[in-house]
Novice: 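Submitted below is the structure of interest, expressed as structure tokens.
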Amino acid sequence: MNHPLDPSVRVRFCPSPTGNPHVGLVRTALFNWAFARHNGGTFVFRIEDTDSARDSEESYEALLESLAWLGLDWDEGPVVGGPHAPYRQSERLEIYRDVARQLLDAGLAYESFSTPEEVEERHVAKGANPKLGYDNFDRDLSHEQRAQFRSMGRDPVLRLKMPAEDLVVQDLIRGEITFPAGSIPDYVIVRGNGEPLYTLVNPVDDALMDITHVLRGEDLLSSTPRQMAMYQALAQIGVGSGTTPTFGHLPYVMGEGNKKLSKRDPESAIGFYRDHGFIPEGLLNYLSLLGWSLSEDRDIFSITEMVEAFEISRVNANPARFDLKKAESINSSHIRELDPTDFAARIQDRLILDGVIAAEPSSQQRDLVTKAAPLVQERMGLLSEAAPMLGFLFVTDAEFAFDPAPANKALGAAAHSVLDAAKGALEGLTDFTTETIEHALRSALIEKMELKPKTAFAPLRVAMTGRLISPPLFESMELLGKEKSLARLARARDYQAS
RNA sequence: GCCCCCAUCGUCUAGUGGUCUAGGACGCCGCCCUUUCAAGGCGGUAACACGGGUUCGAACCCCGUUGGGGGUACCA
């Protein structure tokens, strides 16, 4: 690290556990994490599960799993704990109740009994647009009026009094943003049933956890003035350090077309990319490119390089579209850069996952994976391509089958002479290696029969692998071994087009 | 309605008043290499939304328009 550090930096990632973790969310986590690591600060992970109706334990688990898979480690939060524990808001309800009480006692918040219908009626009565929003009506309710509402069995919500001045946000990414006084009505911080809302809980925890920088999605930009008002109120009652964090609003991650990547789209879920065959290195690299760039002419880099160079002020303000093609391309670059041993291990796990080899591979299978891995490392964009690419090595002769399309194309009657000549050339080989195989085949097919390489080798490729696309031919034959190679040659000779 | 954000190739972006006849990457299209597919090499395609200012000079600054997005919830 050769840039100035700021260990006082404390950022947080605070998702609500609803649904599957999606790419936008993970990108937000990544930028927070990178910002913390770049500055040598602290990355806090907090779970905002105050909406009991929508939150789920599965979603919470998925969140932990996703971050772990990507290697985004947190310094404080669930599992690891920390000085501000607990980090799940469902376990902090007492704190919020207490703060709400103080806000009310200090006159910074008030009880509000108006129903949405009543608010609308008042707007209509004044000849105003009924959709104008809350009108701060209950601010000035007298003791008697409140008592009367209560006697009617109505439970009030708690609203924060918005200040009369303009609220100015100094956004790290967008610059100065001014929200005119009076444009935001007093908003609800505690439900009628006593449950605290995000609008209370989020700033309270940020204050209590000494968060210095709030980096979050653009969708929360318009709630920022409300939060700033809350910070001012919290400062007045002595909750937290009294300073308002600095905000930075990250651009959206959009899906295809012009729509925001919806939680319902399968390709919005981070798990989709893992299943699809992305490696964390590749996905992380691609995600970091959504709103940020390392330099003018490089877009393949490691997470370490990203952390070193990450400047929040260089984050773009405009929304980015997720482009699967480019993501895959970047992923292939990272696959190619993997250490061969590491790559072989990942391929093995993937082959197990895809049912190509047993969960406890035999030493023979392991050996084959190790030898085959280098043949495919630079021709794979996704780990999931391992099964179709290498499957031919692991099937028994009985299981082996030709793909009809390439087989019909390459194993017809015209191929018989090639297959026969190959058989003749290989049968006598005592030393069955890539070199001897290539030599024997070239001299028999290319030189003696004067075939074009393409014509000569396509049938053999299909014979060995069942496909037209495969690892290099001679290497594949060596891995298969003489016996199996000859057996497959014979099978190919007998192939009847279907 | 009101408030706020955004605007460079199809996509991600570089660009912070002259070095821009706008750079890189993905994609796409050629060609080369080649035992297939990749990888690699070479070349090509393609953008400053529009209109006004400011300035000797604007992709960059200001205003407006248009277009997109968000908020205006007892969701987050």
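Reminder, nothing fancy here: chain letters follow the sequence lines and each chain counts from 1.
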Novice: Can you tell me, in whole Å, how much space there is between the C1' of B:G18 and that of B:U13?
Specialist: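 The same atom, C1', in both gives a distance of 23 Å.
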Novice: So A:Ser470, base contact, sugar-phosphate only, or nothing? Heavy-atom distance under 4.0 Å.
Specialist: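 Base, at least one base atom sits under 4.0 Å.
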Novice: Provide a list of protein-nucleic acid N or O atom pairs under 3.5 angstrom, restricted to nucleotides 59-61 of chain B.
Specialist:
none

Novice: Would you mind telling me which of A:Phe45, A:Trp74, A:Phe31 makes a ring pair (Phe, Tyr, Trp, His ring centres under 6.0 Å) with A:Phe13?
Specialist: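 Output: one option passes, namely A:Phe45.
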Novice: A:Ser223 and side chain to side chain contact (heavy atoms under 4.5 Å, CB included): which partner among A:Met228, A:Arg216, A:Met230?
Specialist: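 Among the candidates, only A:Arg216 passes.
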Novice: What residue pairs, at least two apart or across chains, pass salt bridge (Lys or Arg N to Asp or Glu O under 4.0 Å) with a residue in residues 14-29 of chain A?
Specialist: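 Applying salt bridge (Lys or Arg N to Asp or Glu O under 4.0 Å) to every pair that reaches into residues 14-29 of chain A, excluding sequence neighbours, yields nothing.
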Novice: Check RNA chain B against residues 454-467 of chain A and give the residues with a non-hydrogen atom under 4.0 Å, in numerical order.
Specialist: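 Within this stretch, A:Phe457, A:Arg461 sit under 4.0 Å of the strand.
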Novice: Select base, sugar-phosphate, or nothing to describe what A:Gly291 touches, counting heavy atoms under 4.0 Å on all strands.
Specialist: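 Counting heavy atoms under 4.0 Å across all strands, the contact made by A:Gly291 is with sugar-phosphate only.
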Novice: Given B:A14, is OP1 or OP2 found less than 4.0 Å from the side-chain N or O atoms of A:Asn316?
Specialist: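 Looking at the OP1 and OP2 atoms of B:A14, one of them is under 4.0 Å from a side-chain N or O of A:Asn316.
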Novice: Applying side chain to side chain donor-acceptor pair (under 3.5 Å), name anything that partners A:Asp354, two or more places apart in sequence or on another chain.
Specialist: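 Residues passing side chain to side chain donor-acceptor pair (under 3.5 Å) with A:Asp354: A:Arg350.
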Novice: Assuming nearest nucleotide by heavy-atom distance, tell me which of A:Ile177 and A:Arg298 is located more 5' along RNA chain B.
Specialist: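 The 5'-side residue here is A:Ile177.
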Novice: Return the nucleotide paired to B:C2: Watson-Crick means purine N1 to pyrimidine N3 with N6-O4 or O6-N4, wobble means G-U with N1-O2 and O6-N3, both under 3.5 Å.
Specialist: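 Pairing partner: B:G71.
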Novice: Starting the side chain at C-beta, find the nucleotide from B:G1, B:U36, B:G15 nearest to A:Asn129.
Specialist: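 Nearest nucleotide to the side chain: B:G1.
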Novice: Is A:Leu221 touching bases, backbone alone, or none of the nucleic acid, heavy atoms closer than 4.0 Å?
Specialist: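 Touches sugar-phosphate only.
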Novice: Taking N or O atoms only and anything under 3.5 Å, show me the protein contacts with nucleotides 72-76 of chain B, one pair per line.
Specialist:
residue	atom	partner	partner atom	Å
B:C74	O2	A:Gly192	N	3.1
B:C75	OP1	A:Arg191	NE	3.4
B:C75	OP1	A:Arg191	NH2	3.0
B:C75	OP2	A:Arg191	NE	2.9
B:C75	OP2	A:Arg191	NH2	2.7
B:C75	O2'	A:Asp51	OD2	2.9
B:C75	O2'	A:Arg54	NE	3.3
B:C75	O2'	A:Arg54	NH2	2.7
B:A76	OP1	A:Thr50	OG1	3.2
B:A76	OP2	A:Tyr198	N	3.1
B:A76	O3'	A:Ser16	OG	2.8
B:A76	O2'	A:Ser16	OG	3.0

Novice: May I ask you to establish whether A:Arg488 and A:Phe400 are in a cation-pi arrangement, using a distance under 6.0 Å from NZ or CZ to the six-membered ring centre and at most 45° from the ring axis?
Specialist: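 Checked: cation-pi criterion met.
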Novice: Each nucleotide N or O in nucleotides 63-66 of chain B that has a protein N or O under 3.5 Å away: list the pair and distance.
Specialist:
none

Novice: Within residues 436-449 of chain A, find the residues that approach RNA chain B with a heavy atom at under 4.0 Å, and present them sorted by residue number.
Specialist: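 RNA chain B contact set from residues 436-449 of chain A: A:Arg442.
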Novice: Work out how far the P atom of B:A46 is from that of B:G10, and round it to whole angstrom.
Specialist: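 The same atom, P, in both gives a distance of 10 Å.
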Novice: Any side-chain N or O of A:Ser222 below 4.0 angstrom from OP1/OP2 of B:C3?
Specialist: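 No, outside the criterion.
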Novice: All N/O contacts under 3.5 Å from nucleotides 26-28 of chain B to the protein, with atom names and distances to one decimal?
Specialist:
residue	atom	partner	partner atom	Å
B:C26	O2'	A:Lys326	N	3.2

Novice: For the side chain of A:Thr465 and the backbone of A:Arg467, is there at least one donor-acceptor N/O pair under 3.5 Å apart?
Specialist: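 Between the backbone of A:Arg467 and the side chain of A:Thr465 there is a qualifying donor-acceptor contact (under 3.5 Å).
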Novice: What's A:Leu473 touching, base or sugar-phosphate or nothing? Going by heavy atoms closer than 4.0 Å.
Specialist: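 Base contact.
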Novice: Can you pull the salt bridge (Lys or Arg N to Asp or Glu O under 4.0 Å) pairs that have at least one residue in residues 451-462 of chain A, sequence neighbours excluded?
Specialist: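 Matches after skipping sequence neighbours: none remain.
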Novice: Nearest-Å distance, CD (A:Gln170) to C1' (B:C5)?
Specialist: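 So the CD-C1' distance, A:Gln170 to B:C5, works out to 16 Å.
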Novice: If you only use heavy atoms from C-beta on, which nucleotide in B:U35, B:C4, B:A38 is closest to the side chain of A:Arg379?
Specialist: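 That would be B:A38.
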Novice: Identify, with sequence neighbours excluded, every residue that meets side-chain contact (heavy atoms from CB on, under 4.5 Å) alongside A:Arg154.
Specialist: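 A:Arg154: side-chain contact (heavy atoms from CB on, under 4.5 Å) contacts with A:Phe113, A:Thr115, A:Glu118, A:Phe149, A:Met152.
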Novice: If you check the A:Tyr252 side chain, which of B:A39, B:C6, B:G69 turns out closest?
Specialist: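 My answer, after comparing the listed nucleotides, is B:G69.
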Novice: For A:Asn136, give me all partners under side-chain contact (heavy atoms from CB on, under 4.5 Å), at least two apart in sequence or on another chain.
Specialist: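 Listed in chain order: A:Tyr110, A:Tyr134, A:Arg139, A:Pro185, A:Asp186.
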Novice: Please classify the nucleic acid contact of A:Tyr286 as base, sugar-phosphate, or nothing, using heavy-atom distances under 4.0 Å.
Specialist: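 Contact class for A:Tyr286: none.
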Novice: My understanding is that a pair needs two contacts under 3.5 Å, Watson-Crick or G-U wobble. By that rule, which nucleotide pairs with B:G18?
Specialist: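 Checking every strand shown, B:G18 finds its partner in B:C56, with both distances under 3.5 Å.
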Novice: Quote, to the nearest angstrom, the C1' distance that separates B:C42 from B:A49.
Specialist: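 So the two C1' atoms sit 35 Å from each other.
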Novice: Using a distance-only criterion (donor-acceptor N/O pair, under 3.5 Å, no hydrogens), is the base of B:U13 paired with the side chain of A:Arg321?
Specialist: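 Such a pair does not exist between side chain and base.
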Novice: Just to confirm, is there a sub-4.0 Å distance from OP1 or OP2 of B:G68 to any side-chain nitrogen or oxygen of A:Asn318?
Specialist: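 No, outside the criterion.
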Novice: For a quick check of understanding: with a heavy-atom distance under 4.0 Å over all strands, which category does A:Pro472 fall into, base, sugar-phosphate or nothing?
Specialist: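 Base contact.
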Novice: Assess A:Arg88 against A:Tyr60: is NZ or CZ under 6.0 Å from the centre of the six-membered ring, and within 45 degrees of the ring's axis?
Specialist: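 Here A:Arg88 passes the 6.0 Å and 45° test against A:Tyr60.
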Novice: Give the table of side-chain donor-acceptor pairs shorter than 3.5 Å for residues 328-338 of chain A, with sequence neighbours excluded, one pair per line with atom names and distance.
Specialist:
residue	atom	partner	partner atom	Å
A:Glu328	OE2	A:His276	NE2	3.3
A:Asn331	OD1	A:Ile279	N	3.0
A:Asn331	ND2	A:Gly381	O	2.7
A:Ser332	OG	A:Glu328	O	2.7
A:Ser332	OG	A:Ser329	O	3.2
A:Ser333	OG	A:Ser329	O	3.3
A:His334	NE2	A:Asn285	OD1	2.6
A:His334	NE2	A:Phe301	O	3.4

Novice: Rounding to an integer number of angstrom, what distance separates B:U65 and B:C26 when you compare their P atoms?
Specialist: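 Pairwise P distance, B:U65 against B:C26, rounds to 40 Å.
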Novice: Taking CD from A:Glu176 and P from B:C4, how many angstroms apart are they, rounded to a whole number?
Specialist: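 Rounded to whole Å, this separation is 13 Å.
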Novice: Return the pairing partner of B:C50 with a 3.5 Å limit on both distances, Watson-Crick or G-U wobble; otherwise return none.
Specialist: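 Across all strands, the one nucleotide that pairs with B:C50 is B:G64.
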Novice: The side chain of A:Ile469 lies closest to which of these nucleotides: B:C37, B:C4, B:C6?
Specialist: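 Out of B:C37, B:C4, B:C6, the nucleotide with an atom closest to A:Ile469's side chain is B:C37.
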